[in-house]
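Working notes, beginning with the structure itself.
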Amino acid sequence: MTDSKLYIYNTLKRERELFEPLHPGFVGMYLCGPTVYGDAHLGHARPAVTFDVLFRYLTYLGYKVRYVRNITDVGHLVNDADEGEDKIQKKARLEHLEPMEVVQQYTLAYHRNMGQLNVKPPSIEPRASGHIIEQVLMIEKIIEHGYAYISEGSVYFDVKRFEKDYPYGELSGRVTEDLQHNTRELDGQSEKRNPLDFALWKKASPEHIMHWPSPWSEGFPGWHIECSAMSAKYLGETFDIHGGGMDLLFPHHECEIAQSLGANGKQPVRYWMHNNMLTINGQKMGKSLNNFITLDELFSGKHSLLEKPYSPMALRFCMLQAHYRSTIDFSNKGLDDAEKAYSKLSDIYLLLKDMNWNGTTVNLEVEKTLSSFEQDCIDAMNDDMNTAIVLSNMFKVSTNVNIFSTSGKTEGVSKETFEKFKNAYCTFFTDILGLVPNESAAQSGEEFGNLVDSLLEVRNEAKKKKDFTLADAIRNVLSKFVTLKDSADKTSWKHEKKK
RNA sequence: GGUCCUGUGGCCGAGUGGCUAGGCAGAGGUCUGCAAAACCUUGUACGGCGGUUCGAAUCCGCCCGGGACCUCCA
């Protein structure tokens, strides 16, 4: 357990594996990013936060990490009713905007939301539309190697042919024979030799606005090729970590593997990582179910299912409290709990940040608790990124910090251990888990702070004179804006957004 | 229908063949003019039925419930 090496669950192997990067000291990771045809919703937040924490942790471990997260701004079908119309094109028509205008608008919105969640920007954020050439070149290679065929100006991946040389379905545990029976009729099916074949390039129908020239037709790339082409370009034909939601396991990631093997003859990814999905009040989130919550709606509280606005950090915390491979159920109660719990750890952070060692004795138990804190957190992260245990460790030490704070003495701990612990707590809170401390007095603005302090002076005067009616009246007024904490000698306060 | 995951105390949510998860809520107490905050104490849970084992909530089988994917989806 304390062997202090990172183990991650590899979907390909279906077990935890020791993480060893291809090139010592360097890590290449790729995450399937958003399709920018609509507002970012709760579902976008999960992989973004999950792999943000991984990115941060790998960096903390000393790796030089290149993190690539794409923006999908071409292709992708909506559903049967849309007859294969390009998502982005459809939206553009509805809003009478240029497709790239829509892309820009939602890309900026996505970035804004990610910023609110304190998700770090990736090292490279490539766009599918900017890598048409790379995709065409990759398709050509696949054709050359005999794993794809041209049909009516479109190019399809030949799964049957591919299966003669490589296994297909390993990642998702699919057996092609079973899939045959369960495949539905889709647009363009007649052009395919086999229902399992998937498009690498699609000829654009006349009403398609977004299309590019290619050796086969004016058209657009297939649904899966962009990730293969862009990950290979920036991370190499084989790289370390590929992440995404479990829903992308099949067909998306399966197809990525097939394409890369077909083009380069190499397994593209060494560790496949998949975050689980989320539900709303126990139900799958989906537009048709009317429980689809965008991040803007969550942060503003403007959604019929929400009782109040929830802060980005409440959401982030909520996700960190669960393991990334478990489903998370969102509810007002769950978010309320997360908000309170987060606020508690945030208070501890703020107290600790400005605390200096001034102890006189060493208590074995306190010393032990605080000295093992850092290693306990590292062990938890090393165990397939168990952020829930990290948070649990943080709660365990919160009592110690509160006692230090109320007593004004860091009693029971050696200076060395205290410094190490303080540093570890702050590092894990902000740098690794990526939490931003709650708005403190200092951040509320000087004037606001002065006003509160002045009122508290009056209240303390009143208290001295035992005029509790006045003192309580002031407290009642203030409690609409801040939370007061009376201690023996002074009253501290915390700015909090009230319901 | 096929493939796979899952069922933990009031709620959320880790974990796991014998040793404390944690949070929220609740109860009692300390402090306090009162309250809040903080601190102390308190809960003996692992869907059901069998099996393996010295020992299972943890492994196996069956049953029941929930979910995901198989079609764009994070």
Side-chain angles (χ1 to χ4, degrees), chain A residues 14 31-35 37-38 40-51 72 75-82 84 87 169 172-175 177-187 223 243-252 254 274-279 282-287 292 317-318 321-323 325-331 333-342 344-345 347 351 380 383 386-396 398-403 405-407 463 466-469 471-472 475-476 479 483-488 491-494:
Chain A
R14 292 179 193 282
L31 174 67
C32 292
T35 303
Y37 74 107
H41 55 261
L42 279 175
H44 289 106
R46 174 92 117 136
V49 169
T50 299
F51 292 97
T72 297
H76 290 76
L77 302 165
V78 176
N79 57 39
D80 302 29
D82 293 299
K87 267 180 190 172
S172 56
R174 300 296 141 115
V175 180
E177 274 179 35
D178 297 339
L179 287 169
Q180 301 272 26
H181 306 304
N182 299 312
T183 310
R184 265 212 280 168
E185 280 298 309
L186 285 171
D187 180 47
W223 318 335
M246 273 182 184
D247 54 334
L248 297 179
L249 247 166
F250 190 89
H252 186 57
E254 201 68 72
H274 291 93
N275 62 271
N276 215 319
M277 316 302 282
L278 51 87
T279 54
Q283 231 189 349
K284 182 191 172 173
M285 186 174 85
K287 276 184 173 151
F292 197 85
F317 194 92
C318 190
Q321 262 193 315
H323 187 86
R325 286 191 291 109
S326 301
T327 51
I328 298 184
D329 185 50
F330 279 91
S331 61
K333 171 82 164 58
L335 286 163
D336 279 334
D337 289 356
E339 197 152 63
K340 281 180 204 163
Y342 153 70
K344 223 168 157 178
L345 289 190
D347 287 350
L351 287 173
D383 187 14
N386 198 327
T387 52
I389 296 290
V390 174
L391 291 176
S392 151
N393 290 334
M394 296 180 102
F395 279 110
K396 282 181 191 166
S398 66
T399 304
N400 296 287
V401 177
N402 272 324
I403 291 172
S405 172
T406 42
S407 69
K463 276 173 75 178
K466 303 229 184 276
D467 183 354
F468 296 119
T469 315
D472 290 351
R475 183 173 67 199
N476 287 340
S479 69
T483 300
L484 299 185
K485 289 181 194 175
D486 284 347
S487 55
T491 301
S492 64
W493 55 273
K494 184 170 70 162

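Just so it is clear: chains get the letters A, B, ... in the order the sequence lines come, proteins before strands, and each one is counted from 1.
When the nucleotides B:A38, B:A74, B:A14 are ranked by their closest atom to the side chain of A:D247, B:A74 comes out on top. Side-chain proximity of A:N402 to the nucleotides B:C69, B:A38, B:C72 is greatest for B:A38. The side chain of A:D329 approaches B:G13 more closely than any other nucleotide in the set B:U71, B:G13, B:C70.
Here A:G334 lies out of heavy-atom contact (under 4.0 Å) with every strand. A:S405 comes within contact range of no nucleotide atom at all, as no heavy-atom separation falls under 4.0 Å. Using a 4.0 Å heavy-atom cutoff across all strands shown, A:N275 reaches no nucleic acid atom at all. Nucleic acid contact for A:G245: sugar-phosphate only, since backbone atoms but no base atoms lie under 4.0 Å from a heavy atom of the residue. Residue A:M277 is classed as a base contact, given a heavy-atom separation below 4.0 Å to a base.
Across all strands shown, nothing is found opposite B:G17 as a Watson-Crick or G-U wobble partner with both distances under 3.5 Å. In this structure B:C62 sits in a base pair with B:G48, meeting the Watson-Crick or G-U test at under 3.5 Å. With a cut-off of 3.5 Å on both pairing distances, the Watson-Crick or G-U wobble partner of B:C39 is B:G29. Checking B:G1 for Watson-Crick or G-U wobble geometry (two distances, each under 3.5 Å) identifies B:C70 as its partner.
In this structure, A:L249 places its CG atom 13 Å from P of B:C73, rounding to the nearest Å. When rounded to the nearest whole Å, the span between CG of A:L278 and P of B:C12 equals 16 Å. The distance from atom CG of A:L248 to atom P of B:A68 is 15 Å, rounded to the nearest whole Å. Here B:A38 presents its P atom at 10 Å from CG of A:L351, a figure rounded to the nearest Å. Straight-line distance from the NE2 atom of A:H323 to the P atom of B:G7: 13 Å, rounded to whole Å. In this entry the distance linking CG of A:D467 with P of B:C34 reads 16 Å, nearest Å. The distance from atom CE of A:M394 to atom P of B:G13 is 21 Å, rounded to the nearest whole Å. Here B:C70 presents its C1' atom at 16 Å from NE2 of A:H252, a figure rounded to the nearest Å.
A salt bridge does not link A:D336 with A:K340: none of the charged nitrogens is closer than 4.0 Å to a carboxylate oxygen.
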Could you run through nucleotides 21-33 of chain B and give me one letter per nucleotide, 5' to 3': B if any protein heavy atom sits under 4.0 Å from the base, S if only the sugar-phosphate is that close, - if neither?
BSBBS-------B
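Considering every non-hydrogen atom in both A:F330 and A:C318, the closest pair reads CE2-SG, 3.9 Å. Considering every non-hydrogen atom in both A:A380 and A:V390, the closest pair reads CB-CG2, 3.8 Å. The two residues A:M285 and A:F292 have their closest heavy-atom pair at CG-CA, 3.8 Å. Residues A:L278 and A:L42 approach most closely at CD2-O, 3.6 Å, considering heavy atoms.
Contact between the side-chain N/O atoms of A:T327 and the OP1/OP2 oxygens of B:C5 is not found at any separation under 4.0 Å. Side-chain N/O atoms of A:T35 include one lying less than 4.0 angstrom from OP1 or OP2 on B:A74.
Considering only heavy atoms from C-beta on, A:L335 stays 4.5 Å or farther from A:E339 through its side chain. A:H252 places none of its side-chain heavy atoms less than 4.5 Å from the side chain of A:D247. Taking 4.5 Å as the limit, every side-chain heavy atom of A:D347 sits out of range of all side-chain heavy atoms of A:K344.
Two residues, A:G33 and A:N386, neighbour RNA chain B, and the one matched to the more 5' nucleotide by heavy-atom proximity is A:N386.
The line from CZ of A:R325 to OG1 of A:T50 is 11.5 Å long, rounded to the nearest 0.5 Å. One distance of note links CE of A:M246 with OG1 of A:T327; it measures 9.0 Å at 0.5 Å rounding.
Spacing of P atoms, B:U44 relative to B:A38, comes out at 25 Å, to the nearest Å. Taking the P atoms as reference points, B:C64 lies 38 Å from B:G23, given to the whole Å. Across the P atoms, B:C62 and B:G43 are found 38 Å apart, a figure rounded to whole Å. Taking atom C1' on both B:C70 and B:C12, the two are 31 Å apart, rounded to the nearest angstrom. Nucleotides B:A45 and B:G7 are separated by 13 Å at their C1' atoms, to the nearest Å. Distance noted for atom P between B:C73 and B:C5: 23 Å (whole Å). When the C1' atom is compared between B:C69 and B:G13, the two are found 24 Å apart, to the nearest whole Å. Remark: the separation of the P atoms in B:A21 and B:G17 is 15 Å, to the nearest Å.
Each of A:L345, A:L351, A:T406 was scored for a side-chain contact (heavy atoms from CB on, under 4.5 Å) with A:V401, with one residue passing: A:L351.
With hydrogens and angles ignored, the 3.5 Å screen pairs no side-chain donor or acceptor of A:D383 with any backbone N or O of A:N386.
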Report all interatomic pairs (protein N or O, nucleotide N or O of nucleotides 40-45 of chain B) with separations under 3.5 Å.
none

